[in-house]
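Just below is one structure, and these are the notes that go with it.
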Amino acid sequence: PYKIKVHEPQNLGRLGKEFHEENKGMFAFNRDGARNFRMFCYSSQKTLEYLLAGCERVWDKGGAATWVTSTCVTVSPPDQPVECHCGACKETLAKADDFFDAGSIRWFRGPSLIMALFAKRMCEAVKKRWPDKKVIYLPYWNYQECPTKLDFPDNLVVQVAMTTWPMPLRAQDEISRGSMATLRAWRSKACMPITMWDYSVAWTYGPHQYPHVVRDFYPKVKDIVAGVFINGLHLGEWTNTAPTLYVWMKSMWNPELDVDAVLDEMCRRLFGKAGATAREMVRLECDLWEKGAWRDSRVKVPGGWPVPKRLFGIAWTPD
């Protein structure tokens, strides 16, 4: 029931010198001490006041603000890592380890705590003035970890961007476990099931399919996740993995989908007399990605994209 809004307000750098000078207290500090007018400081009270002023314009005065809808306000920085070198942010970074489980990604803890504390302050302020409204928070980039030892008010709605644990790489057990731990942690903080931003981006032009990875994932999260937005990027996702994406979209409607039956019928209908040959090719591509040696936990695969070139010889062996 809550319209998704992300990376709002956008285009902060284009607001002009006069705006930047009048409101410089809410912008982040670069390492050299200069202000970064493309990113808020999320330790700043002025940032909170600016976003709340948008809520007031929309909910009390019938105006408009790009980060506010009729039901919620978003907490979502521009599409880049969060970084600020002000004193308040440095203090938060110094105590970050105290708020996270040992299994979290350590270099994400500081930015994650800065953003989570800001989301909590926003939730508290909104609950006090507009108790029927919600705050939507998008953990993303370097601030996606959930501070398990931080509590939130009951008006927090969460959408998680799975950049570190994208669906194709969940064929590796370590990444699969990381994705589930993050989703469960954020669900425990949110007032309703979370929305996922998942990624089908073309990590590689090598032949691969991962429909069984998709099938194994959704039954695990059907009580945690409200819905999924598949974030694509390149035509290569369809030219290389169309069978998987077909299964993926069907699986979101039916987590108990019989994947092999779907692939059997797809190949029969698409390729006719060549259906059995095409089906064998899909099976080989599935086995290569879903059971291959690259999945060994000693082969570290970073989140994001693309697949590192060093993996090519491991995933696509000469045979």
Side-chain angles (χ1 to χ4, degrees), residues 79 105 108 139-142 144 159-184 194-222 224-225 227-255 257 259-260 262-263 266-267 278-279 281-317:
D79 194 357
I105 300 175
F108 287 173
Y140 183 47
W141 272 103
N142 61 341
Q144 58 196 354
Q159 48 181 319
V160 177
M162 305 296 285
T163 45
T164 299
W165 313 274
M167 183 67 82
L169 299 187
R170 276 174 235 154
Q172 190 175 66
D173 291 340
E174 185 175 355
I175 291 178
S176 179
R177 287 192 299 270
S179 70
M180 289 303 303
T182 295
L183 290 170
R184 289 194 182 102
I194 63 179
T195 300
M196 285 178 60
W197 281 54
D198 217 329
Y199 291 82
S200 62
V201 294
W203 279 267
T204 173
Y205 290 106
H208 70 297
Q209 304 294 338
Y210 50 95
H212 303 88
V213 175
V214 176
R215 176 202 62 192
D216 293 344
F217 180 75
Y218 285 115
K220 297 176 184 177
V221 301
K222 63 182 180 180
I224 303 173
V225 172
V228 183
F229 173 80
I230 303 178
N231 196 18
L233 191 64
H234 297 302
L235 176 62
E237 294 154 59
W238 279 104
T239 57
N240 293 323
T241 59
T244 294
L245 295 183
Y246 180 69
V247 166
W248 191 339
M249 289 184 286
K250 293 177 76 70
S251 294
M252 288 197 291
W253 292 101
N254 175 19
L257 184 72
V259 169
D260 291 302
V262 169
L263 294 174
M266 171 187 271
C267 290
R279 182 68 181 94
M281 184 67 174
V282 171
R283 185 192 66 78
L284 289 170
E285 291 181 348
C286 289
D287 286 350
L288 177 145
W289 196 254
E290 297 172 343
K291 303 175 183 178
W294 76 272
R295 296 171 58 251
D296 190 306
S297 61
R298 291 170 294 181
V299 182
K300 296 297 182 182
V301 181
W305 53 86
V307 167
K309 290 183 179 180
R310 60 180 172 77
L311 269 187
F312 290 2
I314 301 173
W316 293 279
T317 56

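When reading the values below, keep in mind they use all heavy atoms of this one structure, side chains included, and skip hydrogens, waters and symmetry mates.
Distance check: L284 CG to R279 CZ gives 10.0 Å after rounding to the nearest 0.5 Å. Taking OG1 of T182 as the start and CD1 of I105 as the end, the distance is 7.0 Å to the nearest 0.5 Å. Within the model, atoms CE of M167 and CD1 of I175 stand 12.5 Å from one another, a figure rounded to the nearest 0.5 Å. Taking NE2 of H208 as the start and OG1 of T241 as the end, the distance is 5.5 Å to the nearest 0.5 Å. Distance check: M162 CE to F229 CZ gives 15.0 Å after rounding to the nearest 0.5 Å. Here M196 contributes atom CE and I224 contributes atom CD1; the two are 10.0 Å apart, rounded to the nearest 0.5 Å.
No side-chain heavy atom of K220 sits less than 4.5 Å from a side-chain heavy atom of P255. Put simply, the side chain of T317 does not reach to within 4.5 Å of the side chain of W294, judged on heavy atoms. In this structure, the side chains of P211 and C286 come closer than 4.5 Å at one or more pairs of heavy atoms. Counting only heavy atoms from C-beta outward, the side chains of V228 and F217 never approach each other to under 4.5 Å.
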ask   = Between I230 and M252, does a side-chain contact (heavy atoms from CB on, under 4.5 Å) hold up when you go through it step by step?
value = CA-CA 10 Å; I230 303 178; M252 288 197 291; 3.6 Å; yes

query = Would M180 and V221 satisfy side-chain contact (heavy atoms from CB on, under 4.5 Å), going step by step from the backbone distance to the final call?
reply = CA-CA 8 Å; M180 289 303 303; V221 301; 3.5 Å; yes

Stepwise side-chain contact (heavy atoms from CB on, under 4.5 Å) check, L245 with S200 = CA-CA 8 Å; L245 295 183; S200 62; 3.8 Å; yes

request  = Take R215 and L257 through the side-chain contact (heavy atoms from CB on, under 4.5 Å) test and state the conclusion after the steps.
outcome  = CA-CA 7 Å; R215 176 202 62 192; L257 184 72; 5.8 Å; no

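A search for side-chain hydrogen bond (donor to acceptor under 3.5 Å, both in side chains) contacts involving T244 returns Q209, not counting sequence neighbours. Looking at residues two or more places apart in sequence or on another chain, you find no side-chain contact (heavy atoms from CB on, under 4.5 Å) involving D216.
In terms of heavy atoms, E290 sits closest to A171 at CA-CB, 4.4 Å. The shortest heavy-atom contact between A293 and I314 is C-CG2, 4.0 Å.
Judged by distance alone, the side chain of R170 and the main-chain N or O of W165 form a donor-acceptor pair under 3.5 Å. Between the side chain of S179 and the backbone N or O of S176, at least one donor-acceptor pair lies under 3.5 Å. With hydrogens and angles ignored, the 3.5 Å screen pairs no side-chain donor or acceptor of R295 with any backbone N or O of W289.
Note: Y199 and Y140 have parallel aromatic rings, judged against thresholds of 30 and 60 degrees for the angle between ring planes. Note on ring orientation: taking the six-membered ring where Trp is involved, the planes of W248 and Y210 are perpendicular (angle over 60°, cut-offs 30° and 60°).
Side chains of Q144 and T163: a donor-acceptor N/O pair is present below 3.5 angstrom, by distance only.
Counting heavy atoms of neighbouring residues, nucleotides and ligands inside a 6.0 Å radius, atom OH of Y246 does not exceed 12 of them.
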